[in-house]
Enquirer: 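I'd like to ask some things about the structure below.
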Amino acid sequence: MLEQPTARTTEGVVRGRRRAGHAVFRGIPYARPPVGDLRFAAPAPPPAWEGTREAAEFGLAVPQAGPVGVSPADGTDWLTLNVCTPDPGAAGLPVLVWIHGGAYIAGASSDPMYDPTALAGAGLVVVSINYRVGAEGFALLEGVPANRGFLDQIAALHWVRRNIASFGGDPGNVTVAGQSAGAGSIAALLTMRPARGLFRRAITHSVPGWHCTRALAEQVTATLAGRLGTAPTAAAFSDVDPRRLADELTALSAGLPGNRASWGRFSQAGIAVCPVVDGDVLPETPWSALTAGRASGAELLVGHTRDEFRLFSVMTGRLGTFTDEDARTALDLFAPAPDGAGAYRAARPAATAEELLEAVYSDAFFRMPSQQLAEANAVAGGASFLFDLRLASPALGGILGACHSLDVPLAFGTLDSPAGKQLLGDRPSPEAVAVSEELRRAWVRFASTGDPGWAPYRPDQRLTRVLDAESETVPYPGQSSRRIWEGRHPAPFDLVQNRSACPTAT
């Protein structure tokens, strides 16, 4: 029987397990458990230990909010990470750090969809992390830093910088990768001063345009505190059981539409907390920081799917039921003012109410923030590479289309995971297998060299890799949406009385 692999970190020795030919270490702490005085504080350095620490099991996830979050075990040892390496005795392997999505309120690195086996088999050292989500990570509380989830991610990247060489990785060749809220996190990290120098490249799939102002975040926290029967402070929230806090956040999120009069666009977002433009941890949105020259461009691989919002239409049971009034609400709240609603109707004269609604939600939530991040990064001097996934899922009779999250099992090669089967069916098509291989190769090439294998996106040409049964590199295919949104970057959600006439920043 082979001896189990060990590695020495700055805090002590860890012993992992051999899985699928790789050395796998799970549940390594990168910060102290956020309990007691640390409950809502910035992450504190992890303690050292004597002897050898077993690193065989995933760490605990934060109690989840929302309808589809996992149900973590009891405990508060949330700030852990995992390492999968093809050769812990190697030197200088490229490193990929995965930051999971989950709408900033859910998600865990233990999801089988994120199994790193295929990526490690291609020569990457893969790190995946848990971080504080929901109110634990993103509620704006008096007396503690905002955006604690981002601070957790930065602490994990510091751990990687200190320790990854002991696992065969190159600390100078680190790529951060994420999808949805993970991609939004990375977009923020690209422009945050404390994250500078901690990674070389970034991969962002389906970047959400979700941020809120301090004024709105304070009101949301006050509303959540009212549900809890406590004060909107870190000290008071520390007395609330984490599971109860997550449950109340779920209930508040479900009731958001009732706050439309004062919370406007935010009332239709479906989540009650998101990153706060607080002026300190996150001084401004990534798009404004990059286009204004207050952040330097990076090597960036960014993409979105064609039918981003379709997944949510299916999950909520609303597919096929959207009305003209639903479409008007979507256009009024999310099409860029002053003429966006009319522009959408003019660009899609034969569209049904549902098609209009899905188009504006897909664009506002994910597609345009992703495309505009690629463009802003290029303007800031970075190298951007853009893709548009157009391969439709055959699952559920094809109703999912090229939906949100379809790209994740394709990139990881986890088509047989539970989520992979839900998105691609029990037997993925040959086309899905081919696109999976192409996207995974692109990740590995990009993490290794900075080149995914197609031409870069530049504002004058806007070349984009369309991933489909027959992939090709063409000018950006969503030109009508791009023109509607040109120069109108995602602005933070705000209180209605504080909003300008235009809901998007220029």
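None of these values were measured; they are calculated from a predicted model.
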Enquirer: Please answer whether the main-chain N or O of Leu410 pairs with a side-chain N or O of Thr414 as donor and acceptor at a distance below 3.5 Å.
Expert: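 No; zero donor-acceptor contacts below 3.5 Å.
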Enquirer: If you measure from the Lys or Arg side-chain nitrogens to the Asp or Glu carboxylate oxygens, is any gap between Glu308 and Arg367 under 4.0 Å?
Expert: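 Salt bridge between Glu308 and Arg367, a charged N being under 4.0 Å from a carboxylate O: no.
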Enquirer: For Arg162, look at atom CZ and say whether over 12 heavy atoms of other residues, nucleotides or ligands are found less than 6.0 Å away.
Expert: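 Count over threshold, so yes.
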Enquirer: Is it the case that the side chains of Thr464 and Asp388 hold a donor-acceptor pair, with the cut-off being a distance below 3.5 Å and no angle test?
Expert: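 Side-chain D/A pair, Asp388 to Thr464: absent.
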Enquirer: With a 3.5 Å distance limit and no angle check, can you tell me whether Ser393 reaches the backbone of Leu400 through a side-chain donor-acceptor pair?
Expert: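 Checked: no pair found.
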Enquirer: Within this structure, what is the CG-CZ distance for the pair Leu301 and Phe446, rounded to the nearest 0.5 Å?
Expert: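 The CZ atom of Phe446 is 5.5 Å from CG of Leu301, to the nearest 0.5 Å.
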Enquirer: Quick one: list whatever passes salt bridge (charged side-chain N to carboxylate O under 4.0 Å, His left out) with Arg294, sequence neighbours left out.
Expert: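 Here the qualifying residues are Glu284.
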Enquirer: Output, in order, the C-alpha distance, side-chain angles, deciding distance and verdict of ring-ring contact (aromatic ring centres under 6.0 Å, His included) for His404 and Phe312.
Expert: CA-CA 8 Å; His404 188 71; Phe312 307 102; 5.3 Å; yes
Enquirer: Within the structure provided, determine whether Ile484 and Pro336 are in side-chain contact (heavy-atom separation under 4.5 Å).
Expert: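 The answer is yes; the side chains approach within 4.5 Å.
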Enquirer: For Val277 and Arg214: C-alpha separation, side-chain torsions, deciding distance, then whether side-chain contact (heavy atoms from CB on, under 4.5 Å) applies.
Expert: CA-CA 7 Å; Val277 179; Arg214 287 192 68 95; over 6 Å; no
Enquirer: Suppose we screen for side chain to side chain contact (heavy atoms under 4.5 Å, CB included). Which residues come up paired with Pro232, at least two apart in sequence or across chains?
Expert: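 Residues passing side chain to side chain contact (heavy atoms under 4.5 Å, CB included) with Pro232: Thr221, Ala225.
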Enquirer: Salt bridge check: are Arg148 and Glu136 linked by an N-O gap of less than 4.0 Å?
Expert: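 Looking at Arg148 and Glu136, the cut-off is not met.
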Enquirer: Is there a donor-acceptor pair under 3.5 Å between the side chain of Asn163 and the backbone N or O of Trp159?
Expert: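 Yes, the answer is positive, given that a donor and an acceptor are paired below the 3.5 Å cut-off.
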Enquirer: Are His211 and Leu282 close enough that some pair of their side-chain heavy atoms sits under 4.5 Å apart?
Expert: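 His211 reaches Leu282 side chain to side chain.
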Enquirer: What closest approach, in Å, do Ser417 and Met113 show between heavy atoms, and which atom pair accounts for it?
Expert: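 For Ser417 and Met113, the tightest heavy-atom pair comes out as OG-CA, 3.7 Å.
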Enquirer: For residues 179-201, pull every pair meeting ring-ring contact (aromatic ring centres under 6.0 Å, His included), keeping only residues two or more places apart or in separate chains.
Expert: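 Every pair satisfying ring-ring contact (aromatic ring centres under 6.0 Å, His included) with a residue in residues 179-201: there are none.
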Enquirer: Looking at every non-hydrogen atom in both residues, tell me the closest pair between Gly184 and Tyr104 and how far apart they are.
Expert: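 It is CA-OH, 3.3 Å.
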Enquirer: Are the aromatic rings of Tyr114 and Trp98 close, with centres under 6.0 Å apart?
Expert: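 Aromatic pair counts; centres sit under 6.0 Å.
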Enquirer: To the nearest 0.5 Å, how far apart are CG in Leu228 and CG in Asp247?
Expert: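 One gets 10.5 Å once the value is rounded to the nearest 0.5 Å.
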Enquirer: Does NZ or CZ of Arg465 fall inside the cone over Phe387's six-membered ring, less than 6.0 Å from its centre and within 45° of the axis?
Expert: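 Cation-pi check for Arg465 and Phe387: fails.
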Enquirer: Hey, is Asp241 close enough to Arg243 for a salt bridge, meaning N to O under 4.0 Å?
Expert: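 No, no charged N to carboxylate O under 4.0 Å.
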Enquirer: For the residue pair Asp115 and Thr117, confirm or rule out a side-chain donor-acceptor distance under 3.5 Å.
Expert: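 Yes, Thr117 and Asp115 have a side-chain donor paired with an acceptor closer than 3.5 Å.
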Enquirer: Can any side-chain N or O of Ser238 pair as donor or acceptor with the backbone N or O of Arg39 at less than 3.5 Å?
Expert: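 The answer is no, because no donor-acceptor pair under 3.5 Å joins these two groups.
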Enquirer: Centroid separation under 6.0 Å, is that true for the rings of His304 and Tyr476?
Expert: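 Judged by ring-centre distance (under 6.0 Å), Tyr476 and His304 do meet the cut-off.
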Enquirer: Looking only at non-hydrogen atoms, find the nearest pair between Thr175 and Ala202 and report the distance.
Expert: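 In this case the closest contact between Thr175 and Ala202 is CG2-N, 4.1 Å.
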Enquirer: So, using side-chain hydrogen bond (donor to acceptor under 3.5 Å, both in side chains) as the criterion, who are the partners of Gln153 when residues are at least two apart?
Expert: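 Gln153 satisfies side-chain hydrogen bond (donor to acceptor under 3.5 Å, both in side chains) with Ser185 once adjacent residues are dropped.
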Enquirer: Considering non-hydrogen atoms only, spot the tightest contact between Ala234 and Leu141 and give its length.
Expert: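 Minimum heavy-atom separation between Ala234 and Leu141: N-CB, 4.0 Å.
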Enquirer: Restricting to side-chain hydrogen bond (donor to acceptor under 3.5 Å, both in side chains), what partner residues turn up for Arg201, sequence neighbours left out?
Expert: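 Arg201 satisfies side-chain hydrogen bond (donor to acceptor under 3.5 Å, both in side chains) with Asn173, Glu299 only.
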Enquirer: For Ala378 and Ser384, which heavy atoms make the closest approach, and how far apart are they?
Expert: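 Heavy atoms of Ala378 and Ser384 come nearest at N-OG, 3.5 Å.
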Enquirer: Evaluate the criterion side-chain contact (heavy atoms from CB on, under 4.5 Å) for residue pair His100 and Ser128; output intermediate values, then yes/no.
Expert: CA-CA 8 Å; His100 68 73; Ser128 58; over 6 Å; no
Enquirer: Above 12 or not: heavy atoms from other molecules or residues under 6.0 Å from CD of Glu486?
Expert: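 Buried by this count: over 12 neighbours within 6.0 Å.
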Enquirer: Judged by modelled atom types alone, do Arg227 and Thr223 share a side-chain donor-acceptor pair under 3.5 Å?
Expert: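 No donor-acceptor contact under 3.5 Å links the two side chains.
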Enquirer: Looking at CG of Leu124 and NE2 of His22, how far apart are the two atoms once the value is rounded to the nearest 0.5 Å?
Expert: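 Atom-to-atom, Leu124:CG and His22:NE2 are 10.0 Å apart.
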Enquirer: Is there side-chain contact between Tyr131 and Val62, with heavy atoms separated by less than 4.5 Å?
Expert: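 With C-beta onward as the side chain, the pair stays apart.
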Enquirer: Within the 3.5 Å criterion, strictly below it, is a donor on His489 or Gln372 matched to an acceptor on the partner's side chain?
Expert: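 The criterion, which ignores hydrogens and geometry beyond distance, is not satisfied for Gln372 and His489.
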Enquirer: Please confirm whether the backbone N or O of Phe150 pairs with a side-chain atom of Arg132, one donor and one acceptor, at under 3.5 Å?
Expert: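 Flag not set: sc Arg132 to bb Phe150 has no pair under 3.5 Å.
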Enquirer: Are the side chain of Tyr361 and the backbone N or O of Phe334 linked by a donor-acceptor pair below 3.5 Å?
Expert: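 Flag not set: sc Tyr361 to bb Phe334 has no pair under 3.5 Å.
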Enquirer: Taking only residues two or more places apart in sequence, or in another chain, which ones meet Pro45 in a side chain to side chain contact (heavy atoms under 4.5 Å, CB included)?
Expert: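 Checked Pro45 against side chain to side chain contact (heavy atoms under 4.5 Å, CB included); zero matches.
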Enquirer: Would you check if Leu495 and Thr213 make a side-chain contact, meaning some heavy-atom pair closer than 4.5 Å?
Expert: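 No, side chains not in contact.
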Enquirer: Any ion pair linking Arg462 and Glu375 (charged N to carboxylate O, less than 4.0 Å)?
Expert: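 Salt bridge: yes.
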Enquirer: Just do the ring-ring contact (aromatic ring centres under 6.0 Å, His included) check on Tyr457 and Phe385 with the steps written out, would you?
Expert: CA-CA 5 Å; Tyr457 179 100; Phe385 299 88; over 10 Å; no
Enquirer: Can you check whether Gly27's main-chain N or O pairs, donor with acceptor, with Asn82's side chain at less than 3.5 Å?
Expert: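 Yes; judged by distance alone, with no hydrogens or angles, the pair exists.
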Enquirer: Does Met368 offer a backbone N or O that forms a donor-acceptor pair with the side chain of Asp363 under 3.5 Å?
Expert: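 Checked: no pair found.
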Enquirer: Checking Phe412 against Trp443 for the ring-ring contact (aromatic ring centres under 6.0 Å, His included) test, could you report, in this order, the C-alpha distance in whole Å, the side-chain angles of both residues, the deciding distance, and whether it holds?
Expert: CA-CA 9 Å; Phe412 276 90; Trp443 270 31; 5.4 Å; yes
Enquirer: Please round to the nearest 0.5 Å and tell me the distance separating atom CG of Leu198 and atom CZ of Arg161.
Expert: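 Spacing of CG (Leu198) from CZ (Arg161) equals 6.0 Å.
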Enquirer: State the OG-CG distance between Ser405 and Leu423, to the nearest 0.5 angstrom.
Expert: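 Result: 6.5 Å between the selected atoms.
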Enquirer: Could you tell me whether the side chain of Arg200 and the main chain of Val174 form a donor-acceptor pair under 3.5 Å?
Expert: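 Not at all, since once roles are kept as given, no pair shorter than 3.5 Å links the two residues.
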Enquirer: Is it true that the side chains of Thr250 and Ser253 contain a donor and an acceptor less than 3.5 Å apart?
Expert: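 There is no such pair between these side chains.
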Enquirer: Answer yes or no: is there a donor N or O on one side and an acceptor on the other, between the side chain of Thr191 and the main chain of Ala188, under 3.5 Å?
Expert: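 Looks like yes, one N/O pair under 3.5 Å.
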Enquirer: When you look at Phe266 and Trp210, which way does the ring-ring contact (aromatic ring centres under 6.0 Å, His included) test go after all the steps?
Expert: CA-CA 9 Å; Phe266 187 66; Trp210 293 341; 9.4 Å; no
Enquirer: With no hydrogens and no angle check, just 3.5 Å: does a side-chain donor-acceptor pair link Gln371 and Trp485?
Expert: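 There is no such pair (donor and acceptor under 3.5 Å, judged by atom type) between the side chains of Gln371 and Trp485.
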Enquirer: Do you know which two heavy atoms are closest between Leu81 and Val83, and how far apart they sit?
Expert: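 Shortest heavy-atom separation between Leu81 and Val83 comes out as CD1-CG2, 4.0 Å.
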Enquirer: Atom OG1 of Thr85 and atom CD1 of Ile164: how far apart are they, to the nearest 0.5 Å?
Expert: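 One finds 7.5 Å between OG1 of Thr85 and CD1 of Ile164.
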Enquirer: With the side chain counted from C-beta on, respond yes when Ile271 and Leu256 share a heavy-atom pair under 4.5 Å apart, and no when they do not.
Expert: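 No, too far: nothing below the 4.5 Å cut-off.
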